Amino acid sequence: MSYLMCVLLLGLVLGLVAVASNPSPYFAAMGLVVVAGVGCGVLVGTGGCFLSLVLFLIYLGGMLVVFAYSAAMAAEPFPEGWGSWPTLRLVGGYLVGVAVARGLLGKNWYEEDWSGFDSILGLTVLRGDVGGVSLMYSSGGWLLMGGGWVLLLTLFVVLELTRGLGRGALRAV
Amino acid sequence: MTPLIYSTLIISLGIGTTLTFASTHWYLAWMGIEINTLAIIPLMTQSHSPRATEATTKYFFAQATASATLLFAATSNAFFTGSWDILQTNNPLTYTLMTLALAMKIGLAPLHSWMPEVMQGLTLLTGLILSTWQKLAPFCLIYQIQPHSPNLFMALGLLSIVAGGWGGFNQVQLRKILAYSSIAHLGWMVLILSFSPPLTLVAFSTYLMMTFSLFYSFMMTKTTHINSLSTSWAKIPTLTALTPLILLSLGGLPPLTGFLPKWMILQELTKQDLALVAVLAALFSLFSLYFYLRLSYTMTLTMPPNNPAGTLPWRLNPSHNTLPP
């Protein structure tokens, strides 16, 4: 099981390198999908099954799908994958950076214990992240409304930014 | 912009700052800062020019980077100390990272490069909101971080005074000058934060009042360049007489109010046996004084050549009231 966690975490770091090395949006979106999927696996491994499910559904299945469609709108005739020289240089640079970071900071990474979601609440029906969700709706009601307001505000902001066709702020859309 | 959207954005600006002020949890403070960033974005693109869009994009990138760093620092703090409380930032890595993130948010050197370009792309009113209101929420958090050593704050402060003074030296665009003046004043505020937080608040409140007045006087004469400033003396004669006082107050000359924070900060620094820092801060503020003096000179102390029709307005009734409408 810890071997699986190591593989998933390696996938996270490699996905980060894949996205940050600036390929075309097609490939960067694929990198994001891989990172999100692997991150969900890490969440499951530490005990947050519900959180992982919600992440898959909403982030991957909602936001990334929309992003992939909008990246498809920005299609280019010669997309740069990870084999093209500029991207490959950046991939190499970031891998070197990862190795340096591992050498400087990552001495005891396999010796620390994993603190999962379940260690706090004890033996109850609602454990870990599911208990957190129920708390969010009960004690954290005001914060939930604040979060909802922020999302609504973001919607208004995006609609206002893209309004106006050729006369608006973003003239290409 | 429709009135409904406009009022939603303005109310969200208010909600964001209030949320950060009222919070003891790092998540809530971060959420307030994010609401502020989001709400001001459409206000910045209101003029629908490529310049404004570019300024908005740069602002968003800088603020998003700083917010992500702030969130990471808050999460690491929770990991190390087990507490999400804003006042419980004990870990050196954590409070250093938080200080740097908040320094990028308010535009302290060496993380200040986005400020002049962003201010240049905005209208004067939006630039005013950016310089004053958007600084309140991150400043509230900077005030509450309690580092163990004053070194980082002093370094940020001194660098900002230098960058703000030296950077504004060669500028002719008034919004860029105001951006550099903001950087320099924030440097003074942060310089004294570890030693005497009330002095930081004195400096901040005087800075708010002075910069609000200066922005507003530029708004009333509708000037954004030293050229148009020089020929604006005839528009509102009372303003022409009063603006040098605002500018010299910003430069920190006695007996104007702007001298008060500088005086007390220098006194506190010498009491803390940091006379060299005090001397450096005072000397580099002379650079800022130079460009404030240049603005007063072009606006009030000279009457540049103008066409005869332009010299007439001061005899007639002014078209603007000098009180805010």
Side-chain angles (χ1 to χ4, degrees), chain A residues 12-13 16 19-20 22 32 35 39 42-43 46 48 51 74 101 104-109 112-117 119-121 132-133 135-136 139-173, chain B residues 1-16 18-20 22-57 59-60 63-64 67 76 78-80 82 84 93 121-122 126:
Chain A
L12 257 182
V13 174
L16 165 71
V19 173
N22 215 6
L32 281 178
V35 168
V42 171
L43 273 177
T46 52
L51 204 58
L104 285 177
L105 302 168
K107 293 285 162 53
N108 296 324
W109 66 279
E112 305 282 321
D113 54 345
W114 296 95
S115 62
F117 281 80
S119 52
I120 306 164
L121 284 184
V133 170
L135 273 178
M136 186 174 75
S139 321
W142 289 111
L143 199 63
L144 189 65
M145 281 206 241
W149 173 255
V150 177
L151 289 174
L152 190 65
L153 177 69
T154 315
L155 173 70
F156 287 151
V157 162
V158 170
L159 285 177
E160 184 57 41
L161 282 175
T162 52
R163 173 198 297 219
L165 283 183
R167 306 171 309 277
L170 301 172
R171 295 182 178 187
V173 291
Chain B
M1 202 182 289
T2 54
L4 194 59
I5 295 291
Y6 196 66
S7 49
T8 308
L9 295 171
I10 301 283
I11 287 176
S12 297
L13 273 181
I15 287 178
T18 313
L19 207 55
T20 307
S23 64
T24 49
H25 195 284
W26 269 113
Y27 261 172
L28 211 59
W30 175 83
M31 201 164 97
I33 288 185
E34 285 293 290
I35 292 176
N36 264 1
T37 308
L38 279 174
I40 204 174
I41 298 285
L43 295 176
M44 290 166 74
T45 57
Q46 252 183 317
S47 44
H48 296 314
S49 63
R51 192 60 173 272
T53 314
E54 183 185 326
T56 312
T57 316
Y59 181 73
F60 183 72
Q63 300 288 306
S67 286
S76 337
F79 182 69
F80 286 124
W84 284 100
L93 168 70
L122 307 176
T126 319

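Quick caveat: nothing in here was measured; it's all calculated off a predicted structure. A note on names: the letters A, B, ... follow the listed sequences, proteins ahead of strands, and every chain is numbered from 1.
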Go through the atoms of Leu19(B) and report whether side chain, backbone, both or neither lie under 4.5 Å from a heavy atom of chain A. neither
Indicate yes or no for a side-chain donor-acceptor contact from Trp84(B) to the backbone of Tyr27(B) under 3.5 Å, with no hydrogens or angles considered. no
Under a 4.5 Å heavy-atom cut-off, does chain A meet the side chain of Ile35(B), its backbone, both or neither? both
So, do Ser23(B) and Trp30(B) sit near enough that their side-chain heavy atoms are less than 4.5 Å apart? no
Residue pair Val150(A) / Met31(B), side-chain heavy-atom distance below 4.5 Å: yes
Check Val35(A) against Leu12(A) and note the closest heavy-atom contact, atom names and distance. CG1-CD2, 3.6 Å
Sort by residue number and list every member of residues 40-47 of chain B having a non-hydrogen atom under 4.5 Å from chain A. Ile41(B), Pro42(B), Thr45(B)
Nearest heavy-atom contact between Ile33(B) and Ser67(B) is CG2-OG, 4.1 Å
Does the Thr126(B) side chain pair with the main chain of Leu122(B), one donor and one acceptor, at a distance under 3.5 Å? no
Mark yes or no for whether Thr53(B), through its side chain, and Ala169(A), through its backbone, hold a donor-acceptor pair below 3.5 Å. yes
